[in-house]
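Take a look at the structure set out below.
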Amino acid sequence: MSNGVITITDAEFETEVLQAEIPVLVYFWATWCGPCHLMTPLMNSVAANYGDRLKVVKMEIDPNPATVKKYEVTGVPALRLIRGKELLGSVEGALGQDKLLSFIDPHLH
């Protein structure tokens, strides 16, 4: 498994997220979003520390409207936790490390 955050597009969503063998944390962000830039180091940390049990991908919202619409992303930063085709959790807005870990931990085995 990769120990880094993978940048994906609408075209890669099916293979990188829906067909993944482990849960995937999808991080929706935008270049113009200040809080998104604050979340980036946290996403990198989660990817490094949970890489054996969780895949972390990031998707810029502006060039990828299909996935943004499908997962009803209304603000950024936004997180969607997905296993297979099932949405396990959804949160919008910047999170601190404790809240982020309490969001993902219950879904990891």
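Heavy-atom basis, side chains included; hydrogens, waters and symmetry copies ignored.
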Residues forming a salt bridge (Lys or Arg N to Asp or Glu O under 4.0 Å) with K85, sequence neighbours excluded: E14
Partners meeting salt bridge (Lys or Arg N to Asp or Glu O under 4.0 Å) with E16 (sequence neighbours left out): K55
Nearest 0.5 Å, please: how far is [atom2] in [Y] from [atom1] in [X]?
| X | Y | atom1 | atom2 | result |
| --- | --- | --- | --- | --- |
| H107 | L54 | NE2 | CG | 10.5 Å |
| L88 | I104 | CG | CD1 | 11.5 Å |
| L95 | L100 | CG | CG | 6.0 Å |
| M39 | W29 | CE | CH2 | 13.5 Å |

Identified side-chain contact (heavy atoms from CB on, under 4.5 Å) partner of V5 from the options N44, V46, V57: N44
Residue list, ring pair (Phe, Tyr, Trp, His ring centres under 6.0 Å) with Y71, at least two apart or on another chain: F13
Do the side chains of [X] and [Y] join up, straight or via other hydrophobic residues, at under 4.5 Å, putting them in one cluster?
| X | Y | value |
| --- | --- | --- |
| L87 | I8 | yes |
| L38 | V26 | no |
| L18 | V73 | yes |

Least distance between heavy atoms, A47 atom then G4 atom: CB-C, 3.7 Å
Exercise: identify the closest heavy-atom pair between F28 and V76: O-CG1, 3.7 Å
side-chain contact (heavy atoms from CB on, under 4.5 Å) between Y50 and D105, worked out: CA-CA 10 Å; Y50 287 79; D105 275 341; 3.2 Å; yes
Compile the donor-acceptor pairs under 3.5 Å between side chains in residues 62-69 and protein atoms, sequence neighbours left out, one pair per line.
unit_1: D62; atom_1: OD2; unit_2: W32; atom_2: NE1; d: 2.8
unit_1: N64; atom_1: OD1; unit_2: D10; atom_2: N; d: 2.8
unit_1: N64; atom_1: ND2; unit_2: E60; atom_2: O; d: 2.8
unit_1: T67; atom_1: OG1; unit_2: D10; atom_2: OD1; d: 2.6

Qualifying salt bridge (charged side-chain N to carboxylate O under 4.0 Å, His left out) pairs with a residue from residues 88-101, counting only residues at least two apart or across chains: R80-E92
Disulfide (SG to SG under 2.5 Å): pairs with one or both residues in residues 25-79, sequence neighbours excluded: C33-C36
Residue pair T15 / E12, side-chain donor-acceptor N/O under 3.5 Å: no
Within 6.0 Å of CD in Q19, more than 12 heavy atoms from elsewhere: yes
